[in-house]
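The figures here come from the full heavy-atom set of this structure, side chains too, leaving out hydrogens, waters and symmetry mates.
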Amino acid sequence: MTMLLHPSLDLVKNIPAIAADWPGGFWWHWLVFTIIIIAFVLVLVMGYIYIERRAMGIMQARLGPNRVGPFGLLQPVADAIKVMCKEDIVPIKADKIVHWLAPIVAFFPVLMIFAVIPFQNGAVLADLNIGILYVVAISSISTVGVFMAGWGSNNKYTLISAMRSVASVVSYEIPVVLSLAGVVVIAGSMSLNQIVLAQNIPMILFQPLGFLLFFIGALAEINRSPFDLLEADSEIVAGLHTEYSGMKFALFYLVEYAEALAVSSIVTTLFLGGWRGPLLPPWLWFLIKVIAVFFVMVWIRTTMPRIRIDQLMALAWKFLFPLAVINLVITAIEVLVFPAGLPWLLILVNLAIMAILILLWSKLFKLGGGRIEV
Amino acid sequence: MTVALTGFNVAPQITKQFPDAVVEANDRAVVVKSGLLFKVAQYLKNTPGLAFDYLNHISAVDYYDYFELVYYLVSIEYNHSLVLKTRCDRNKPAVPSAVSLWRGADYQEREIYDLMGITFEGHPNLKRIALWAGYKGHPLRKDYLE
Amino acid sequence: MTLKTEPYVINIGPQHPSTHGVFRMRTTLDGEVVVDLEPIFGYLHRGIEKLAEERTYTGFIPLTDRLDYLSSMSNNLAYVLAVEKLARVLVPERAEYIRVIMAELQRVASHLIAVGSFLNDAGAFMTPIVYMIREREKILDLFEMVSGQRLTYNYMRVGGVSQDLPEEFLPALDNFLEQMPLYIDEYDQLLAENEILLARSKGVGVLNKETAVNVSAGGPVLRASGVKWDIRKADPYSIYDRFEFDIPTGTNGDCYDRYWVRVQEMRQSLRIIEQAKAQITSGPVRSEVPHLIRPPVGEAYGHIEAPKGELGFYLVSDNSIAPYRCHIRAPSLLNLTALRDMIKGWKVADLILIFGSIDICMGEIDR
Amino acid sequence: MEIEKVTPVYSAAELDRIEGQEIEELRARSQQPIPDPDRWLKDEVQRNILLTSVDAIINWSRRSSLWPATFAPACCAFEMIATAASRFDLSRFGMEIFRASPRQADLMITAGTLTWKMAPLVKRIYDQMAEPKWVIAMGACAISGGIFASSYSVVPGYNRIIPVDVYVPGCPPRPEALLYGIRMLHNKITKSHSDIQLNLLHKG
């Protein structure tokens, strides 16, 4: 299980691993990390909202929020307070319990994902040896909350939105898991901490295709543009949120960005070497990488038109799925051929394979069509 | 340049086909009987040489004694136009609908029905378009009281 | 395979983010597929045709601004052409050139919004429309220079235009003409080969040639279906016979063609402005017209190629100071006739896109 | 694919009739303007000292993140959109989030002429917005019917239907004018009381 650990561990050795029960005792560990995770998620979600609005503003040849506090930094705070103080409306014909529970069911699984994300060597709430499996399993539960919201609101727009969301998550789970399998095969472990330790060379270089597939699939799963069919403003009003106001809407808003945060954390951990990096402290490296990944998401959001639901499905089954399978097979062969660790030359080979496969598939597979005779 | 065919150009042809259809023909338009409007329109649309395949617009004017409907026809093939008119009684205004010839007439006829109160016989979905169901009166009539 | 599903009715509009105003569609859906659709109008019916009957001929010009509020200059032009035809007024040479420049600038401005909101409907989050509004602001600056208004210009008069061009107008126009083609190239680069846009719009919402003519469609919608029909060429009004320009036509009549035709028309408009600027003469900008115009008894139909299609004013005069009847041929209303055929069988997302590609303006539809 | 036909509960004609009735009823009901909600002016003197700092924070947050509802009936809408776009940039005030669903919106910018046919829907949209909510009447038509006031189908001003906080005149108002109106609304919100405080005032 130490294929990549043997060459030189000097970078890692400089940073001593944090004890598994830091700062002493099971309960202290539990309490401290829960607080860290909640603070991390809440603060970074606000940061994300700020970054998204400012970056989007600048990309759209304008300024973005800059009046509230220095550089508009307090904008998300103002938003949060305002949304919380707003009236909470429950439609008369809504399924009240489901309507009430939905945001909570959607939010908590997202928070739970962070339990296995290492912020530093060993700095993790629970270093599960099935970390990736846990992430994949837990993240799907959010969908139940989303569907509850769609059903409970008793609104046709929300129902359409919920159906779209469920359909996309069910389809995209497969290419996402398959592309994660590539990483697991190379690292030889499912624990996220072990995977970070295994990345002397960031995994993105050995798994360029896997990274792309995972990133696209994850964008679709969390319904960010260009797969934001869930909240397609121009089609189904506000989608899922149509009937939510006040605190419950705030929770859904939080879910949206917390999911983006979760995805960027997972991408950072699995593909970009997690907290590892020279000079700066590990937690700062982690933050920088997470924010950089999120910036790419914002960039995509401001650039791309939205795709249609049948095209979304076609992309998952005809483009991502076969490529993910091929990627997994190639990775497995590479690991079998080089059991002592992958040589760096494979990076070039993998990049070439990625380029060839993507070019080939984009010739074979075209989005389009979609009319049904009625 | 679109050639504007006058009533004098077209009236003889129509008379040949429908002897008592033309009421009046002047340098601007040809006026036909409202009962024969559909047949004349069909003739104008389908006859080679005339081929008015494009219904530019329909308008209605209230002249106190009668309503006048104005059909502005254009032929894209020959690039000429014709103003076809018909008159209908003010007490029981009804003319045949042209929707089955030119579907472009659909909303315009509904609009005239709504605002002028002229019924188009044979229109597939004749109901108010601009105002709401239950509105009293037809605003574009000259005797409309608010 | 027999799939038994229950169609349901959903209301899209009148307050919906992408109905371009207060348009409403009572849509029957089967899952995501549109089975049937009934457009409902009238949420902006302001009775402009009735109001025309109580205003003087000149006093109606401000109301025409508010018809298709994205192309007020074109509306002004169509109306004054109809009155001039009715009252047999001649227009000075310089005024004709100014009118052409304004009408073409307006076409560019209107198409910018059309293309921008089409892409917004496709789901490109705000970015294209913000960029296109940035360019539109430059045109609005030019309009503001001549008329003092940003949206409702009230600039043209019967027998000319309300005032001459200010000194700084032509240099500013030069500047604009230099920049604008570069911006259009930029849009082409960004959008014309965008895979998602192509997948969403190619082959979507096809309107064939025969149907397009039969439903009296006009403007870019008609031309995208392959009919070479442009009033500027077919029945040149004003001084359009003096300029050289092409009529871009599409081949498939799908959403992408409508988008493409609009982009190409912007280029052609710039070409016309270029020529008009070179030919413009000095002289008066308004012929002597009495304050209260009393046209002889009769009727006239003045029409122009507005950005959205053929805009016409049918005026009836009874020799009084107000029109006896004023009927407006609104291009958007007629373009919408084919909406149902185009949308049937497509998905909700396409519905919005096809609707956006028609480019309507509610002020003109409901009047 | 075969699709089974299901007849809807209401026929289209039936729906039209019901909607028409609703319009007529609203029209009969709203012949007088609704007074402007200027409650805050009266009890300015009764300002409760204890809760002012909480109030200040809540009011600050409310005015700093006014999310407008997407509502664009007519001409003024394009001046509103121009205000939101790059030159005038509404996003500086944190207002670029145009919420498509009225449930999450705080501010309704009534950009354009209101007709009687549209009136019940505007009222419904207003009712769907969650408290606290504000309305800016943008343009002459929204204030008094403007140039179309004499028409048979136009409502002479939004304040027949919903209470209006700020009036921005102009036909259409320039973006600068709208921005000024928004600043006025900010001032108004700053001086207003939170619901908590009003409840206390009414009890005490």
Side-chain angles (χ1 to χ4, degrees), chain C residues 1-9 11 13-22 24 26 28 30 33 35 38 40-48 50-51 54 62-63 65-67 69-70 72 113 116-117 126 129-134 136-138 140 144 149-152 361-363 366, chain D residues 1-6 8-10 12 15-16 19 69-79 81-82 84-89 91 96 98-102 108 112-119 121-122 124-125 128 141 145-154 170-175:
Chain C
M1 194 183 91
T2 317
L3 186 66
K4 295 215 166 170
T5 51
E6 191 181 333
Y8 57 99
V9 178
N11 236 331
Q15 186 257 357
H16 186 275
S18 56
T19 49
H20 300 224
V22 285
R24 174 176 165 202
R26 204 181 269 160
T28 312
D30 176 29
V33 181
V35 180
E38 188 197 352
I40 300 177
F41 311 88
Y43 291 98
L44 195 56
H45 176 69
R46 300 171 287 195
I48 289 182
K50 185 74 178 174
L51 289 175
E54 61 179 57
L63 285 178
D65 282 332
R66 286 150 184 85
L67 276 172
Y69 37 83
L70 288 175
S72 305
I113 291 288
S117 49
M126 286 286 281
I129 196 163
V130 168
Y131 276 92
M132 285 170 192
I133 288 176
R134 182 186 70 181
R136 178 172 171 265
E137 288 285 339
K138 296 187 171 113
L140 296 195
E144 202 179 337
Q149 269 280 20
R150 278 170 50 87
L151 199 68
T152 49
C361 181
M362 286 320 287
D366 293 338
Chain D
M1 201 166 78
E2 205 176 292
I3 289 164
E4 202 181 10
K5 283 267 174 203
V6 177
V9 185
Y10 290 106
L15 283 176
D16 287 339
E19 279 161 18
T70 318
F71 182 66
C75 328
C76 291
F78 265 87
E79 286 302 65
I81 292 168
S86 44
R87 185 182 282 188
F88 299 96
D89 193 12
S91 71
E96 87 271 37
F98 275 79
R99 288 310 305 183
S101 163
M108 184 189 218
T113 323
L114 180 62
T115 59
W116 285 113
K117 194 170 182 176
M118 187 69 193
L121 299 150
V122 170
R124 187 188 297 173
I125 294 164
Q128 280 176 343
C141 294
I147 192 168
F148 301 107
S150 60
S151 173
Y152 50 86
S153 61
V154 170
C171 190
R174 298 177 60 88

Given D/Arg87 and C/Leu140, is the side-chain contact (heavy atoms from CB on, under 4.5 Å) satisfied, shown in steps? CA-CA 12 Å; D/Arg87 185 182 282 188; C/Leu140 296 195; over 6 Å; no
So C/His45 and D/Tyr152, side-chain contact (heavy atoms from CB on, under 4.5 Å) or not? Walk me through it. CA-CA 10 Å; C/His45 176 69; D/Tyr152 50 86; 2.7 Å; yes
Could you walk me through whether C/Leu151 and D/Arg174 satisfy the side-chain contact (heavy atoms from CB on, under 4.5 Å) test, starting with their C-alpha distance in whole Å, then the side-chain angles of each, then the deciding distance to 0.1 Å, before giving a yes or no? CA-CA 9 Å; C/Leu151 199 68; D/Arg174 298 177 60 88; over 6 Å; no
List the steps and the verdict of side-chain contact (heavy atoms from CB on, under 4.5 Å) for C/Glu54 and D/Ser150. CA-CA 10 Å; C/Glu54 61 179 57; D/Ser150 60; 3.1 Å; yes
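Closest of all the heavy-atom pairs between C/Gly47 and D/Ser153 is N-OG, 4.2 Å.
The candidate from C/Ile113, C/Leu51, C/Ile40 with the greatest count of non-hydrogen atom pairs under 4.5 Å with chain D is C/Leu51. The greatest number of non-hydrogen atom pairs below 4.5 Å with chain D, out of C/Lys50, C/Arg66, C/Arg46, is found for C/Arg46. Of the listed residues (D/Cys76, D/Pro175, D/Ala119), the one with the most heavy-atom contacts under 4.5 Å to chain C is D/Pro175. Counting heavy-atom pairs under 4.5 Å between each of C/Arg134, C/Glu137, C/Met126, C/Arg24 and chain D puts C/Glu137 at the top. Residue with the most contacts toward chain C among D/Trp116, D/Phe71, D/Phe88: D/Phe88 (heavy-atom pairs, distance under 4.5 Å).
Both the backbone and the side chain of C/Tyr43 come within contact range of chain D, with heavy atoms under 4.5 Å apart. Proximity to chain C (any heavy atom under 4.5 Å) is shown, for D/Ala77, by neither the backbone nor the side chain. With a threshold of 4.5 angstrom between heavy atoms, C/Ile48 approaches chain D through side-chain atoms but not through N, CA, C or O. Contacts between D/Ile147 and chain C at a heavy-atom distance below 4.5 Å involve backbone atoms as well as side-chain atoms. Only the side chain of C/Ile133 comes within contact range of chain D, with heavy atoms under 4.5 Å apart.
Residues satisfying the ring pair (Phe, Tyr, Trp, His ring centres under 6.0 Å) test with D/Phe78, not counting sequence neighbours, are none. With sequence neighbours left out, D/Ser91 forms a side-chain hydrogen bond (donor to acceptor under 3.5 Å, both in side chains) with D/Asp89.
Remark: D/Met118 CE to C/Gln15 CD distance equals 7.0 Å, nearest 0.5 Å. Annotation: the span from C/Met362 atom CE to D/Thr113 atom OG1 amounts to 12.0 Å, rounded to 0.5 Å. Expressed to the nearest 0.5 Å, how far OG of D/Ser86 lies from CD1 of C/Ile129 amounts to 11.0 Å.
Side-chain atoms of C/Thr152 come within 3.5 Å of backbone N or O of D/Cys171 as a donor-acceptor pair.
At least one side-chain heavy atom of D/Asp16 sits less than 4.5 Å from a side-chain heavy atom of C/Arg26.
Using a 4.0 Å cut-off between charged nitrogen and carboxylate oxygen, C/Arg136 and D/Glu79 do not count as a salt-bridge pair.
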